[in-house]
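A note on names: the letters A, B, ... follow the listed sequences, proteins ahead of strands, and every chain is numbered from 1.
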Number of protein chains: 2
Amino acid sequence: MEAPTTVVSTRIADALREQILSGAMAPGERIRQEELAEEFGASRIPVREALRILVTDGLVTMVSNTGAWVSSLSQAECIEQYLIRERIEPLLLRESMPHLTAANVERLSELTAAMESSTDVASFMKLDREFHLLAYSAAPNGTLAEIIHRLWNTTQHYRRAYSEMVRGTSLDVTHLEHRLLFDAIVRGDAEDAERTLTGHIQRTRRELEKHPEVFEVEGT
Amino acid sequence: MEAPTTVVSTRIADALREQILSGAMAPGERIRQEELAEEFGASRIPVREALRILVTDGLVTMVSNTGAWVSSLSQAECIEQYLIRERIEPLLLRESMPHLTAANVERLSELTAAMESSTDVASFMKLDREFHLLAYSAAPNGTLAEIIHRLWNTTQHYRRAYSEMVRGTSLDVTHLEHRLLFDAIVRGDAEDAERTLTGHIQRTRRELEKHPEVFEVEGT
DNA sequence: TACCTTAATATTGGATACAAGAGTCATTTG
DNA sequence: CAAATGACTCTTGTATCCAATATTAAGGTA
């Protein structure tokens with residue numbers, strides 16, 4: 001689906017990004033350049049460039065002369081990022097709504113249904129992510145979209161950890177919020193959509209605040 | 001004053017950042033790796049790393065197999081960034097205020113005075129930037145601070161272009177807003193500070209909206 | 001034993017050299 | 001004359017090699 005970039009560093013960055021987002025690489029994990037180089041059959045140069053790309057994405061942290069790690073967040077940092085999202089994500093949604101196509105809305109509808117019947121954490125997360133990002137995708141706001149994508153990326157691991165922790169618990173409230181959000185989008189009611197989304201992010205943040213265990217284990 | 005990093009790529013990035021922020025390099029300007037390498041007496045490797053660092057800062061745009069340019073914004077993009085700032089900068093200020101030291105406040109006071117008596121654009125911009133960023137600097141919010149610093153950086157050139165365009169025009173309103181902001185900070189009135197800052201950014205945005213000329217000339 | 005010093009090792013940073021892709025411009029062809 | 005083709009040039013991308021820094025382990029000293 002994606003253009004098979006001829007540029008090795010980009011390919012490595014894409015692969016690594018996927019590994020981090022999927023959970024195959026955990027926050028705090030050390031990344032050794034030579035290991036990666038060997039894994040991808042390349043030299044360390046494109047690996048280093050790939051790492052820099054992922055720094056831009058907020059997924060990797062580099063320290064001079066020391067090394068690179070998969071970025072990790074403390075509970076406070078993660079909460080902080082949710083607070084930021086509360087303030088700006090509704091703005092992006094508002095800007096996106098008028099430009100959503102019928103096909104977009106149809107897909108959003110499918111996604112809400114699919115989320116409700118999804119059973120495992122991995123697929124729920126995939127659907128949830130697609131639902132939200134698709135809802136924002138029609139916005140002409142490039143910078144805002146980038147910032148929000150970054151925030152989704154950096155917090156992804158902790159969303160997953162939380163989801164796995166409360167697995168089995170009912171997601172009724174979440175599903176309801178998604179329904180309400182979807183309805184507001186269909187009606188083109190920006191006010192309501194903004195308010196609902198703010199509440200949705202807020203509630204999720206409060207859930208995370210109740211579960212410091214999610215953030216244990218890892219260093220910086 | 002700064003630790004004289006032994007890492008060349010960082011030094012190059014710092015120097016380039018300074019050049020871009022000071023206006024010595026204009027948005028849209030092409031950056032050739034070899035030129036820079038020669039200029040800094042280094043090879044292209046650290047230059048490339050420096051460019052990636054500046055991509056993270058939002059100051060440089062790179063395209064595979066094509067090259068790098070000093071990032072430039074259209075009027076719409078710049079306005080967009082101001083809208084983002086309106087939503088999140090007050091948040092950072094609120095988080096910072098309780099942690100500001102007496103020395104910080106003293107410095108803020110000096111800066112408001114200095115701004116009022118500054119004559120040239122360059123020094124006003126320096127003071128204005130220090131005033132704002134210092135006011136936010138005590139916040140424990142790393143991510144938010146980073147985002148806002150990026151936004152200040154990417155919009156800096158256009159602030160300067162605007163300032164130079166309206167040079168001679170009275171800055172009374174701006175100075176008043178700074179005074180009001182400073183007062184709110186001294187009183188520890190977060191509500192008022194947030195409101196005042198929001199208004200300040202908003203008003204600046206509207207000024208930019210009135211002056212599309214500021215954004216002419218450059219491509220992408 | 002605890003702590004500091006010092007040497008060995010592992011890992012990152014950078015220079016040189018080469019390969020590959022994109023862009024340019026003259027030439028050819030309809 | 002316009003458009004397409006091709007070679008040439010410029011610039012970026014990568015591999016290999018070497019240098020510098022950080023980390024670890026070992027040994028010695030209080």
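Within 4.0 Å of Arg32(A), counting heavy atoms only, lie sugar-phosphate atoms of the nucleic acid but no base atom. Counting non-hydrogen atoms under 4.0 angstrom, Ala42(A) reaches the backbone sugars and phosphates but no base. Ile12(A) comes within contact range of no nucleotide atom at all, as no heavy-atom separation falls under 4.0 Å.
Partners of Phe131(A) under the ring pair (Phe, Tyr, Trp, His ring centres under 6.0 Å) rule, at least two apart in sequence or in another chain, are His178(A). Remark: Arg150(B) pairs with no residue by the side-chain hydrogen bond (donor to acceptor under 3.5 Å, both in side chains) rule, at least two apart or across chains. Taking the side-chain hydrogen bond (donor to acceptor under 3.5 Å, both in side chains) definition, one finds that His99(A) meets it with nothing, sequence neighbours left out. Residues satisfying the side-chain hydrogen bond (donor to acceptor under 3.5 Å, both in side chains) criterion with Thr101(A), sequence neighbours excluded, are Asn104(A). Partners of Arg167(B) by side-chain hydrogen bond (donor to acceptor under 3.5 Å, both in side chains), not counting sequence neighbours: none found. With sequence neighbours excluded, no residue forms a ring pair (Phe, Tyr, Trp, His ring centres under 6.0 Å) with Phe40(A).
Ser71(A) approaches Thr61(A) most closely through the heavy-atom pair OG-OG1, 2.9 Å.
Nearest-nucleotide assignment on DNA chain D puts the 5′-proximal partner with Arg30(B), out of Arg30(B) and Gly41(A).
Sorted by residue number, the list of members of residues 33-40 of chain A with any non-hydrogen atom under 4.0 Å from DNA chain D is empty. The stretch residues 45-58 of chain A comes close to DNA chain D through Ile45(A), Pro46(A), each having a heavy atom under 4.0 Å from the strand.
Judged by the 6.0 Å distance and 45° axis criteria, Arg159(A) is not positioned over the aromatic ring of Tyr162(A).
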Donor-acceptor pairs are to be reported for all side-chain atoms of residues 137-148 of chain A against protein atoms at under 3.5 Å, with residues two or more places apart or in another chain.
| unit_1 | atom_1 | unit_2 | atom_2 | d |
| --- | --- | --- | --- | --- |
| Ser137(A) | OG | Leu134(A) | O | 2.7 |
| Thr143(A) | OG1 | Gln81(B) | NE2 | 3.1 |

Run Arg107(A) and Glu110(A) through salt bridge (Lys or Arg N to Asp or Glu O under 4.0 Å) and show every step you take.
CA-CA 5 Å; Arg107(A) 179 64 183 152; Glu110(A) 286 172 26; 2.8 Å; yes
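No side-chain heavy atom of Arg52(B) sits under 4.5 Å from any side-chain heavy atom of Thr56(A).
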Name the pairs: protein N/O against N/O of nucleotides 20-25 of chain C, kept only if under 3.5 Å.
none

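The overall bend of the helix from dT1(C)-dA30(D) to dG30(C)-dC1(D), read as the angle between its terminal helix axes built from five base pairs each, is 20° when rounded to 10 degrees.
Side-chain atoms of Arg44(A) come within donor-acceptor range of the base of dG13(C), with a qualifying N/O pair under 3.5 Å.
Note that CD of Glu49(B) is 8.5 Å distant from OG1 of Thr10(B), once rounded to the nearest 0.5 Å.
Of all nucleotides in DNA chain D, those with any atom nearer than 4.0 Å to a heavy atom of chain A start and finish, going 5' to 3', at dG13(D) to dT23(D).
Arg17(A) and Asp14(A) are joined by a salt bridge, as a carboxylate oxygen and a charged side-chain nitrogen come within less than 4.0 angstrom of each other.
Heavy-atom neighbours of Glu38(B) CD from other residues, nucleotides or ligands within 6.0 Å: at or below the threshold of 12.
Each of Asp57(B), Leu59(B), Leu16(B) was evaluated against Leu21(B); a single residue qualifies, Leu59(B), per the side chain to side chain contact (heavy atoms under 4.5 Å, CB included) test.
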